[in-house]
> 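Below you'll find the structure I mean.
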Amino acid sequence: MMRIIKNLFRNEPVTMVSFLLAVFSIFLIPFDKHYIDYINFKTLGTLLTLMIIMSGLRGQGFFRKVAKKLLGKVSRLRTLGLVLVLLCFFFAMFITNDVALITFVPFTIEVLMMADQRKYLIPIIVLQTIAANLGSMLTPIGNPHNLYLYDLSGMKPLEFIEMMLPYSLMAFVLLVVITCIVTGSRKIEVTDVEIVKYGNMTPLRTTVYIILFFFSLTIILKVLPYYIVLGIVLLTVITVDWKNLLEVDYFLLLTFFFLFIFIGNMKRVDLVNDFLSRIVVGNEFSVSLITSQFISNVPSSILISGMTTDYKAVCIGTDFGGLGTLIASMASLISFKLYGRLTGSKKGKYILSFSVFSLIFLAFLVTEYIIIN
């Protein structure tokens, strides 16, 4: 039992900490009829819908096939670096930063090894991680906390995109410039990259998941209620690819669930609620950004949104907050773990590189935010 708990804390630290916080809050506010009001079922249902679809597309090798086609005519390291980094930037807008990194970081490791460019693993993976965190901030479905704040604020899709567009454009320009500087223009040769084959890969399943993805956007566009879309997605996946349901990251849903309970209870403790509200109100952006550095941006968004109604400032602050420390975004830890599994990996150098690059991007974006506001 102790080994299981230890492994859970090692592999799912945010979920376990949120669980302990929820348990602590229950001692302050015992179970009652108000608990059900804490839970944002629409956020949980929408997240589950998207995670099932993205897990299915990844299992079908869809994203890696797209990457392989884009790399078909690459002959210079600079072009290779740009393709690998911008794949994460653009795909993260639609498949979340976590899925983008789980998909493309292993692919990047394969490609750079085959091209005999091992020394560029750290800078390119670091830039991919930053790209995924920055690309995902443009859309409501790019980040789990974006989806939550988007629903909470009542914004329309275009309104959300317009809010984040100036920062995404700045991020794109910085990514292109820094990637070009880091990689240089030397010639390389990328041999054919093999796509990992899974037992349940078929063109039919890939097509079904693509159709389901576009169907799921009816939730974001507020055309259909989430429970109808989720029900149809579940029935379809059970029919055509039920094993995919075993691959979904349910710990993310549990994290949201536990945090909803913790925040709901804290808001009912007058002393705590008044204290936090005084700190947060008027400082939503800076508090969101700073808090994210220590507890990551998903818990930070749920915590701070419970103390204010300025959801736009919270959203921008937590999106920027994914930069900075390695734990500011759980997606960043995914890349670090994937790189760390390599024989001869230099984890200290990776952390230093990530911190330097991340702070450069953060400084530019915060400056832009100050100018705009």
Side-chain angles (χ1 to χ4, degrees), residues 1-32 34-48 50-51 96-99 101-102 133 136 143-152 248-269 272-273 275-277 279-280 284 287-308 311 314-315 317-319 321-322 324-334 336-337:
M1 178 61 71
M2 289 303 296
R3 181 178 294 179
I4 294 174
I5 294 174
K6 185 177 179 180
N7 286 335
L8 283 172
F9 270 100
R10 182 188 297 117
N11 298 322
E12 305 294 339
V14 174
T15 302
M16 294 306 294
V17 170
S18 64
F19 169 72
L20 294 177
L21 289 173
V23 171
F24 165 75
S25 72
I26 290 171
F27 285 105
L28 299 177
I29 306 292
F31 282 111
D32 60 23
H34 296 292
Y35 266 64
I36 194 70
D37 298 326
Y38 300 165
I39 314 302
N40 188 320
F41 290 102
K42 182 178 180 181
T43 296
L44 295 180
T46 307
L47 270 177
L48 179 57
L50 291 168
M51 288 193 299
T96 76
N97 49 0
D98 303 68
V99 175
L101 293 172
I102 290 171
N133 285 326
S136 62
N143 275 317
H145 65 269
N146 275 11
L147 186 61
Y148 168 67
L149 293 169
Y150 165 78
D151 181 57
L152 201 62
V248 177
D249 180 17
Y250 296 106
F251 282 102
L252 178 60
L253 295 177
L254 286 174
T255 300
F256 270 84
F257 179 80
F258 294 140
L259 287 171
F260 284 147
I261 292 175
F262 172 69
I263 302 304
N265 281 334
M266 288 299 98
K267 289 178 71 174
R268 293 172 64 185
V269 179
V272 175
N273 187 50
F275 173 72
L276 290 176
S277 295
I279 295 174
V280 170
E284 288 85 355
V287 174
S288 299
L289 193 155
I290 293 169
T291 307
S292 297
Q293 304 306 306
F294 303 99
I295 64 173
S296 89
N297 50 9
V298 170
S300 179
S301 65
I302 298 175
L303 173 64
I304 296 169
S305 65
M307 310 297 166
T308 181
Y311 303 122
V314 177
C315 187
T318 49
D319 277 337
T325 64
L326 193 61
I327 63 171
S329 169
M330 295 310 295
S332 301
L333 290 176
I334 291 172
F336 180 64
K337 288 179 181 179

> Taking it one step at a time, do I261 and I39 satisfy side chain to side chain contact (heavy atoms under 4.5 Å, CB included)?
CA-CA 7 Å; I261 292 175; I39 314 302; 4.1 Å; yes
> Between the side chain of T291 and the main-chain N/O of S288, is any donor-acceptor distance below 3.5 Å?
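No: the side chain of T291 does not pair with the backbone of S288.
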> Out of curiosity, I279 CD1 to M307 CE, how far, rounded to the nearest 0.5 Å?
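Rounded to the nearest 0.5 Å, the CD1-CE separation comes out at 10.0 Å.
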> Show the numbers, then the answer: is there a side chain to side chain contact (heavy atoms under 4.5 Å, CB included) between L252 and M51?
CA-CA 10 Å; L252 178 60; M51 288 193 299; 3.8 Å; yes
> What residues, two or more places apart in sequence or in another chain, satisfy side chain to side chain contact (heavy atoms under 4.5 Å, CB included) together with T96?
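T96 satisfies side chain to side chain contact (heavy atoms under 4.5 Å, CB included) with D98, V99 only.
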> Nearest 0.5 Å, please: how far is OG1 in T43 from CZ in F41?
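So the CZ of F41 and the OG1 of T43 are separated by 11.0 Å.
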> Roughly how far, to the nearest 0.5 Å, is the OG atom of S332 from the CG atom of L101?
7.5 Å
> Looking at the rings of Y250 and F257, which for Trp means the six-membered one, are their centres under 6.0 Å apart?
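No - the distance between ring centres of Y250 and F257 does not fall below the 6.0 Å cut-off.
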> Quick one: do N265 and I26 satisfy side chain to side chain contact (heavy atoms under 4.5 Å, CB included)? Show the steps, please.
CA-CA 7 Å; N265 281 334; I26 290 171; 4.3 Å; yes
> Say you draw a straight line from CE of M266 to CD1 of I29; how long is it, rounded to the nearest 0.5 Å?
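Between atom CE of M266 and atom CD1 of I29 there are 7.0 Å.
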> Partners of N143 by side-chain hydrogen bond (donor to acceptor under 3.5 Å, both in side chains), sequence neighbours excluded?
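side-chain hydrogen bond (donor to acceptor under 3.5 Å, both in side chains) list for N143, sorted by chain: N97, S136, D319.
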> What distance do N297 atom CG and I302 atom CD1 have between them, rounded to the nearest 0.5 Å?
10.5 Å
> Under a 3.5 Å distance rule, please check whether E284 uses its side chain to pair with a backbone N or O of V314 as donor and acceptor.
no
> Classify the ring geometry of Y148 against F256: parallel below 30°, tilted from 30° to 60°, perpendicular beyond 60°.
perpendicular
> If you look only at distance, which donor and acceptor atoms sit under 3.5 Å apart when one is on a side chain in residues 15-22 and the other is two or more places apart or in another chain?
| from | atom 1 | to | atom 2 | distance (Å) |
| --- | --- | --- | --- | --- |
| T15 | OG1 | F251 | O | 3.2 |
| T15 | OG1 | T255 | OG1 | 2.6 |
| S18 | OG | V14 | O | 3.1 |
| S18 | OG | T15 | O | 2.6 |

> List the atom of I102, the atom of I334, and the distance in Å for their closest heavy-atom pair.
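Smallest heavy-atom distance, with atoms named: CG1-CG2, 3.7 Å.
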> Would the distance check show the side chain of T318 and the main-chain N or O of C315 forming a donor-acceptor pair, the cut-off being under 3.5 Å?
yes
> Please round to the nearest 0.5 Å and tell me the distance separating atom CZ of R268 and atom CG of D32.
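Here the interatomic distance stands at 4.0 Å.
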> Verify the ring-centre separation between Y38 and Y35: is it less than 6.0 angstrom?
yes
> Check G321 against A328 and note the closest heavy-atom contact, atom names and distance.
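So the minimum-distance heavy-atom pair works out to O-CB, 2.9 Å.
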> Is the backbone of G322 close enough, under 3.5 Å, to the side chain of S292 for a donor and an acceptor to pair up by distance?
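Not confirmed, S292 side chain does not pair with G322 backbone.
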